[in-house]
Amino acid sequence: MIFYLAIPLTLLLYWITRQLYRRLPLPFINPVLIPMLLLMGLISYFGLSLADYQAGAHPIHLLLEPAVVALAIPLYQQASQIRARLKPILICCSLSVLISVLVTLVTCSLMPVPPEIVSSIATRSITTPLAMSV
């Protein structure tokens, strides 16, 4: 059942959160994070198959790759402004990567997490601040 509802439910939750964010532009009302958390909760609560959801939402996944590539166009158009502000951009990105890794390491040290998982999560957390800045 979730296979057929994956795209409509995902888009509906995104749209609702986006409308809420337009009315209340608060930083914790994130149109990407909130639907993801709600979908995780629904799938978990109703005992639905994650594989079925992923199969149903596969067309959205296919659209993400060209969307990421399309980000290169505005970056290219703003290349002169990026070059002019390269130093602050590099400082902010470096600091955000460092903070992200440190928060990951501290969080993992507070929980019983195997060292292999810690090293995997710590290196994965490097891409989060970079993705957020884009």
Side-chain angles (χ1 to χ4, degrees):
M1 180 175 129
I2 191 69
F3 176 85
Y4 298 108
L5 294 176
I7 290 177
L9 187 59
T10 303
L11 294 176
L12 177 67
L13 290 174
Y14 174 80
W15 181 80
I16 290 170
T17 310
R18 182 88 175 163
Q19 296 303 315
L20 181 62
Y21 181 76
R22 285 184 178 155
R23 288 192 177 91
L24 298 167
L26 301 170
F28 58 85
I29 303 176
N30 185 315
V32 175
L33 178 65
I34 301 296
M36 179 186 66
L37 293 174
L38 290 173
L39 284 167
M40 287 169 42
L42 288 171
I43 289 170
S44 176
Y45 181 77
F46 290 109
L48 301 171
S49 168
L50 179 60
D52 286 346
Y53 172 80
Q54 288 175 327
H58 189 69
I60 293 175
H61 176 74
L62 291 176
L63 294 174
L64 287 177
E65 291 172 4
V68 169
V69 172
L71 287 173
I73 295 170
L75 285 175
Y76 177 76
Q77 292 171 340
Q78 302 297 325
S80 62
Q81 290 186 24
I82 292 170
R83 275 192 292 277
R85 296 173 179 89
L86 190 59
K87 187 177 178 180
I89 290 171
L90 289 176
I91 290 170
C92 288
C93 284
S94 299
L95 284 174
S96 62
V97 165
L98 181 65
I99 291 168
S100 178
V101 171
L102 288 175
V103 167
T104 302
L105 292 174
V106 168
T107 304
C108 287
S109 71
L110 297 173
M111 296 184 284
V113 180
E116 304 85 28
I117 302 295
V118 173
S119 59
S120 173
I121 293 173
T123 55
R124 176 150 170 88
S125 69
I126 291 172
T127 59
T128 302
L130 298 177
M132 289 173 57
S133 64
V134 171

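Because the structure is a prediction, the values reported are computed rather than measured.
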Path from [X] to [Y] over hydrophobic side-chain contacts below 4.5 Å:
X      : Y      : answer
Tyr45  : Leu50  : yes
Ile34  : Leu39  : yes
Met36  : Val32  : no
Leu90  : Leu95  : no
Met111 : Leu105 : yes

Taking all non-hydrogen atoms of both residues into account, name the closest pair between [X] and [Y] and its distance.
X     : Y     : answer
Ala6  : Gly56 : CB-C, 3.6 Å
Ile60 : Ile7  : CD1-CG1, 4.0 Å
Ile2  : Ser49 : CG2-O, 3.8 Å
Pro31 : Thr17 : CA-CG2, 3.5 Å

Pick one: which of Thr10, Leu48, Leu9, Leu42 meets side-chain contact (heavy atoms from CB on, under 4.5 Å) with Tyr53? Thr10
Between [atom1] on residue [X] and [atom2] on residue [Y], distance to nearest 0.5 Å:
X      : Y     : atom1 : atom2 : result
Leu13  : Leu37 : CG    : CG    : 11.0 Å
Ile29  : Leu24 : CD1   : CG    : 5.0 Å
Asn30  : Leu20 : CG    : CG    : 11.5 Å
Ile91  : Leu86 : CD1   : CG    : 9.5 Å
Leu102 : Leu98 : CG    : CG    : 4.5 Å
Phe3   : Gln54 : CZ    : CD    : 12.5 Å

For the pair Ser100 (side chain) and Val97 (backbone), establish whether a donor and an acceptor sit closer than 3.5 Å, ignoring hydrogens and angles. no
Test item: Ser44 side-chain N/O and Gly41 main-chain N/O as donor-acceptor pair under 3.5 Å: no
